[in-house]
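Shown next, in structure tokens, is the structure this report addresses.
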Amino acid sequence: MNLIDGKATAARIREELKEKAALLTAKGVQPGLAVVLIGDDPASRSYVTAKERACDEMGLYSRDIRKPAETTEEELLSLIDELNSDDAIHGILIQLPLPSHIDSDRVIERIIPTKDVDGFHPVSVGKMMLGQETFLPCTPHGIIKLLEEKNIETSGAEVVVVGRSNIVGKPIANMLLQKCHPGNSTVTICHTGTKDLISHTKRADIIIAAAGRPDTITADMVKEGAVIIDVGVNRVPDDTKKRGYRLVGDVDFEGLKEKASYITPVPGGVGPMTITMLLYNTVLSAERRSNNAL
Ligand code: GUN
């Protein structure tokens with residue numbers, strides 16, 4: 001078994017980004033990210049804080065915008081309009097989920113695609129699907145980087161994605177079927193409507209588990225030597241921990257660690273890559289702006 005160490009890869013990419021950010025800053029274009037949090041969901045708050053801290057560490061400008069849960073959709077849309085036309089901001093991130101009275105689709109569509117560092121805007125999604133230059137969504141892009149880092153052959157590989165979310169399942173399936181490297185895979189997407197999950201996972205060379213449920217993938221479901229990418233972040237109660245829970249992924253890591261050729265741990269696998277790719281997109285956005293200004 002080879003462990004795929006997301007922390008190490010993330011640290012390496014962050015070093016590269018730090019240098020790029022310093023060069024851009026010297027040219028008068030310090031990459032800037034606006035992070036918007038509506039309401040005070042504790043998990044969202046800790047993600048947002050982690051994003052802001054990462055920006056500080058890398059020399060990026062971050063604007064932390066926190067608004068009460070009662071914020072109206074109109075107020076949020078006009079905030080996005082302001083950020084769209086603010087030259088100090090190269091990336092806009094609206095932390096999801098939004099309170100239920102706000103239509104997330106309308107909000108995402110209001111972000112100008114040139115600042116859509118989450119890659120969630122329909123224009124970004126469409127371009128990704130067409131294989132055109134765009135911002136790739138952060139978690140699937142992080143997975144691609146991990147596969148690349150370990151030289152895992154994706155061309156011709158049977159990939160089974162478990163989960164069809166707009167944030168992970170659909171985009172990673174799309175990226176891996178593109179005729180490029182890493183990519184060129186034969187991709188199957190399984191989901192809650194799949195009749196016989198094991199018949200698909202058993203023949204997979206690479207399994208990407210993004211179902212949001214512990215033990216979705218167990219050793220009996222996997223062939224010897226498969227590559228396992230675990231995107232799950234699930235809290236399970238644990239009295240031995242001070243905070244009362246521990247984090248587990250979607251796969252039975254203990255059961256699979258000997259059978260898999262490569263496996264990502266949770267935490268420390270895919271997770272550290274997500275924020276790194278957000279920073280990557282923000283630096284890329286600033287770079288594009290800087291090049292256009294020449
Ligand atoms: N909520 C959970 N994951 C994400 C993400 O990648 N981006 C945003 N904006 N919100 C999220």
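Just so you know, ligand 1 is whichever comes first in the structure, and atom 1 is the first atom listed for that ligand. Given the structure is predicted, the values throughout are model-derived calculations rather than measurements.
To the nearest 0.5 Å, atom OG1 of residue Thr201 and atom CG of residue Asp196 are 8.5 Å apart.
Listed by chain and number, the residues in a salt bridge (charged side-chain N to carboxylate O under 4.0 Å, His left out) with Asp238 are Arg246 (sequence neighbours excluded). Taking the salt bridge (charged side-chain N to carboxylate O under 4.0 Å, His left out) definition, one finds that Lys259 meets it with nothing, sequence neighbours left out. By the salt bridge (charged side-chain N to carboxylate O under 4.0 Å, His left out) test, Arg235 is found to be paired with no residue, residues two or more places apart in sequence or in another chain being considered.
Of the possible donor and acceptor atoms, none in the side chain of Thr218 sits under 3.5 Å from a partner among the backbone N and O of Asp215.
Protein residues with any heavy atom under 4.0 Å from ligand 1: Leu93, Ile94, Gln95, Leu96, Asp118, Phe120.
For Ser155 and Asn184, the side-chain atoms include at least one donor-acceptor pair closer than 3.5 Å.
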